[in-house]
Number of protein chains: 2
Amino acid sequence: MATFKTQIAAARDGIITDAMNAVAQKEYLKPEFIRDETAAGRIVIPANRHHVRLDPIGIGRALSTKINANIGNSATTSGLCEEFEKMKIAIQYGADTVMDLSTGENINEIRARIIAESTVPVGTVPIYQALAMVDDPMDITAELLLEVIEAQAKQGVDYITVHAGLLREHVPLAKKRLIGIVSRGGSILAKWMTRHKKENPLYEHFDRMLEICRAHDVTLSLGDGLRPGCLADASDEAQFAELQALGELVRRSRADGVQAMVEGPGHVPLDQIQMNMEKEDAICDGAPFYILGPVVTDCAPGYDHITSAIGATLGAYYGASMLCYVTPKEHLGLPNVRDVREGVIAYKIAAHAADIALRRPHARDRDDAISRARVTFDWEKQFELALDPEKARALRAEALEETKTHPDVKDGSTHYCTMCGPKFCSMRISQEIGDTD
Amino acid sequence: MATFKTQIAAARDGIITDAMNAVAQKEYLKPEFIRDETAAGRIVIPANRHHVRLDPIGIGRALSTKINANIGNSATTSGLCEEFEKMKIAIQYGADTVMDLSTGENINEIRARIIAESTVPVGTVPIYQALAMVDDPMDITAELLLEVIEAQAKQGVDYITVHAGLLREHVPLAKKRLIGIVSRGGSILAKWMTRHKKENPLYEHFDRMLEICRAHDVTLSLGDGLRPGCLADASDEAQFAELQALGELVRRSRADGVQAMVEGPGHVPLDQIQMNMEKEDAICDGAPFYILGPVVTDCAPGYDHITSAIGATLGAYYGASMLCYVTPKEHLGLPNVRDVREGVIAYKIAAHAADIALRRPHARDRDDAISRARVTFDWEKQFELALDPEKARALRAEALEETKTHPDVKDGSTHYCTMCGPKFCSMRISQEIGDTD
């Protein structure tokens with residue numbers, strides 16, 4: 001039997017895997033290029049060997065921007081059916097990966113179903129399951145964490161978030177903050193290290209974790225337990241101290257034949273986003289940067305899909321490879337199905353806008369096609385090309401409904417919208433200029 | 001009787017007007033600075049002498065970013081009550097100015113009521129009213145346009161959009177485009193010039209228009225009739241040829257003691273926004289730039305408040321002074337009250353995020369305050385500080401409702417949100433770290 005090789009190990013041996021070929025085709029790039037970038041660790045292809053239905057994707061600065069949708073219940077909400085519905089909606093509207101962040105009941109059952117059904121890579125945060133197995137979070141051990149990671153690896157999880165770079169020496173730095181530690185995993189590990197006066201178990205036993213990941217090709221997503229949770233805490237000493245540690249872990253992962261990406265903030269003022277992207281690139285040797293937003297203002301709860309889509313667009317433009325969505329419920333509660341949809345669309349917009357600006361191959365094709373459909377008043381085509389056809393259709397129907405009793409609207413003509421009305425439609429008038437010249 | 005002076009004329013005479021003092025106070029800047037920038041034309045204070053209830057604001061690169069909400073009916077929709085409701089909602093959620101773009105019935109009546117009630121500057125596009133007074137748009141004349149402008153000036157309109165820089169020689173340039181001319185006023189004037197083989201009447205009679213504006217202190221908003229209507233047409237020859245003409249009109253306005261700002265695009269890929277802002281600054285001698293979005297992808301109808309808020313944030317960061325909102329209904333129909341609210345909030349986010357990044361005085365105070373309220377789990381304070389308190393309150397209530405039957409939620413504790421649940425609240429855990437160290 002041939003020895004199993006991870007994508008990065010295969011790439012280094014000069015092999016172009018099926019997954020690399022699939023990525024090359026999707027990205028309009030050559031398979032050799034995908035192989036070389038995967039070998040260098042600048043592209044990751046999260047593809048657990050046990051994830052049967054997976055349609056592989058690549059994540060990296062040279063590729064189109066990916067988006068992730070977090071699903072999963074918390075201790076107080078939601079069961080299997082609703083989480084599965086969230087997954088379907090997320091994939092339908094274009095999520096490139098999903099993370100199951102369940103911390104409540106039936107964690108194993110929910111994850112098994114999600115992996116069985118998902119065509120996109122599935123990520124998790126193993127410490128959440130470990131926490132569900134102990135009465136007191138302070139009772140978690142390195143053995144328990146590794147046991148959970150191995151079980152998830154065997155189950156088919158494609159990538160895992162591990163807050164292995166949050167070191168004991170970083171904790172005092174976070175105490176200077178306005179808002180402290182806002183990462184769930186990060187806050188628990190920080191408390192654990194302080195209580196037990198020990199180093200982070202995920203850091204201490206990093207080599208054993210690498211061994212598990214290598215055996216199943218689980219990609220590491222090196223979590224930023226010290227990501228800023230408000231603008232005031234952005235780009236501080238704590239954040240960048242952890243980033244240095246993450247850079248070291250990237251190098252160790254690659255050396256061991258394990259794929260790794262790095263997670264990033266969070267809450268960052270607009271003018272610090274470019275610097276943050278460049279810093280990660282430099283410190284982590286071009287490892288794909290997977291960012292959460294960032295939110296660019298703290299004072300719009302209920303609209304954080306927008307505050308963060310602004311930051312995410314700029315983040316992707318300046319080098320982030322994957323954008324973790326934020327929903328309108330952020331800072332308020334667990335997202336429901338409607339929130340998931342709104343979050344995914346906002347992030348498709350962010351990723352797509354960045355890809356256009358970066359002039360990725362064929363990035364603007366869809367935009368040009370919908371613009372041509374606008375010129376010809378082909379509403380059906382406009383809806384088909386829309387990121388959310390149902391929403392576009394519903395809003396136009398609503399606008400027409402609001403006007404249906406007006407005498408000017410009598411012939412069922414569709415050569416206008418109710419914005420300007422039939423008499424002053426700029427599109428129609430603009431086309432008539434040619435007729436009279 | 002003392003001769004009436006416009007703000008720019010007064011500033012040049014060394015006078016600090018009440019309006020300048022009001023602006024200085026709002027912006028945490030010195031009145032002398034406001035006066036000097038107004039004299040230079042880099043700040044405009046749209047304040048028609050007949051607008052009684054006006055609370056003046058300043059628009060300019062040195063000031064906080066302003067947002068405008070368009071209201072007004074079209075030929076097929078809405079009457080006075082609904083337009084008035086839109087105005088109230090727009091102002092309630094933070095619109096700094098409103099434009100009444102009515103093209104349908106009761107234009108005069110709607111505008112009179114809006115001006116009478118509005119505490120913020122009111123803008124219009126006078127050609128819309130002129131068009132409503134003729135059977136065929138090709139029948140409009142210079143006399144009619146000037147008559148309408150004068151009537152509106154006397155009524156108390158604070159600023160008017162005039163597409164005076166769209167010249168006859170520019171029209172052929174727009175024919176090369178994918179989508180032609182998308183400005184209503186622009187398309188009608190282009191057709192008019194082509195049909196009549198004459199120059200733009202607003203350009204031909206610009207001096208007479210300046211005379212009217214000077215008499216009542218109406219600020220000119222020099223419209224971009226050739227703004228791009230899709231990404232493919234952005235930053236083209238037509239757009240920049242018109243911008244050159246607008247620069248000339250800015251200089252003529254200032255020389256004549258009339259305040260002027262310049263309108264800008266529209267649809268612009270992310271990577272061209274900075275260049276567009278800098279170009280306007282250079283060509284128009286620092287005249288305040290008043291941009292519409294820009295939308296950064298064409299393929300998200302139903303979400304253009306988001307696609308354009310992304311562009312608007314970057315636009316403001318790179319120098320735009322006022323952002324004209326775009327609602328979710330853009331490209332689909334006339335916005336209703338709900339759309340107005342969503343558009344205004346998206347643009348408050350954009351303006352505020354840019355102001356934070358530009359480190360304007362006190363810009364981040366609200367963000368830091370809401371972050372402090374998050375640390376103390378003071379939900380009421382968080383709602384009060386939110387850009388849309390009602391929405392934030394509703395979403396949290398929805399999340400709590402979805403969990404109310406769960407056994408873990410029994411003590412009515414508010415020290416968590418349903419996102420992580422009470423057991424894994426990072427904020428609480430983060431605070432406990434201090435206790436054990």
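The analysis underlying the following values was restricted to heavy atoms, covering all of them including side chains, and did not include hydrogens, waters or symmetry mates. Please read all numbers here as calculations on a predicted model, not as lab measurements. In what follows, chains carry the letters A, B, and so on, assigned in the order in which the sequence lines appear, proteins first and then strands, with residues in each chain numbered from 1.
- By number of non-hydrogen pairs under 4.5 angstrom with chain B, the leading residue of Gly229(A), Ala386(A), Ala373(A) is Ala386(A).
- Looking at Glu330(A), both its backbone and its side chain come within 4.5 Å of chain B, counting heavy atoms on both sides.
- Proximity to chain A (any heavy atom under 4.5 Å) is restricted, for Ser183(B), to the backbone atoms N, CA, C and O.
- Taking CE of Met138(B) as the start and CD of Glu432(A) as the end, the distance is 8.0 Å to the nearest 0.5 Å.
- The two residues Leu358(B) and Ala316(B) come nearest to each other via the heavy atoms CD1-O, 3.6 Å.
- Atom CD1 of Ile181(A) is separated from atom OG of Ser426(B) by 9.0 Å, given to the nearest 0.5 angstrom.
- Looking at Arg372(A), both its backbone and its side chain come within 4.5 Å of chain B, counting heavy atoms on both sides.
- Remark: Lys348(A) fails to qualify as a cation-pi partner of Tyr93(A) under the 6.0 Å distance and 45° angle criteria applied to the six-membered ring.
- Most heavy-atom pairs under 4.5 Å with chain A: of the set Val295(B), Asp339(B), Asp388(B), Ile273(B), this distinction falls to Asp388(B).
- Arg396(B) contributes no side-chain N or O that, together with a main-chain N or O of Gly333(A), makes up a donor-acceptor pair within less than 3.5 Å.
- Heavy atoms of Ile370(A) lying under 4.5 Å from chain B belong exclusively to its side chain.
- For chain A, the option among Leu385(B), Ile188(B), Asp233(B) with the highest count of heavy-atom pairs below 4.5 Å is Ile188(B).
- The main-chain N or O of Pro328(A) is never found under 3.5 Å from a side-chain atom of Glu342(A) such that the two would form a donor-acceptor pair.
- Highest contact tally toward chain A, considering only Gly180(B), Pro137(B), Cys230(B), Pro301(B), is held by Pro301(B) [criterion: heavy-atom pairs under 4.5 Å].
- Here Leu178(A) is the residue among Ile356(A), Leu178(A), Val375(A), Ile306(A) with the most heavy-atom pairs under 4.5 Å with chain B.
- Comparing Arg366(B), Glu398(B), Arg428(B), Met427(B) by heavy-atom pairs within less than 4.5 Å of chain A, the highest count is held by Glu398(B).
- Between chain A and the options Ala232(B), Ala309(B), Pro269(B), Ala354(B), the largest number of non-hydrogen pairs under 4.5 Å is found for Ala232(B).
- Note that OG1 of Thr307(A) and CG of Asp367(B) are 10.0 Å apart. Values are rounded to the nearest 0.5 Å.
- Once rounded to the nearest 0.5 Å, the distance linking NE2 of His305(A) with CD1 of Ile345(A) reads 10.5 Å.
- A salt bridge is absent between Asp304(B) and Lys329(B); no separation between the charged side-chain nitrogens and carboxylate oxygens falls under 4.0 Å.
- With a 4.5 angstrom heavy-atom cutoff, Val171(B) touches chain A only via side-chain atoms.
- Note on Ala353(A), Gly302(A), Ser371(A): by heavy-atom pairs under 4.5 Å with chain B, the leading option is Ser371(A).
- Taking the charged nitrogens against the carboxylate oxygens, Arg359(A) and Asp271(B) do have a contact shorter than 4.0 Å, which makes a salt bridge.
- Of the listed residues (Arg364(A), His352(A), Gln382(A)), the one with the most heavy-atom contacts under 4.5 Å to chain B is Arg364(A).
- Looking at Pro389(B), neither its backbone nor its side chain comes within 4.5 Å of chain A, counting heavy atoms on both sides.
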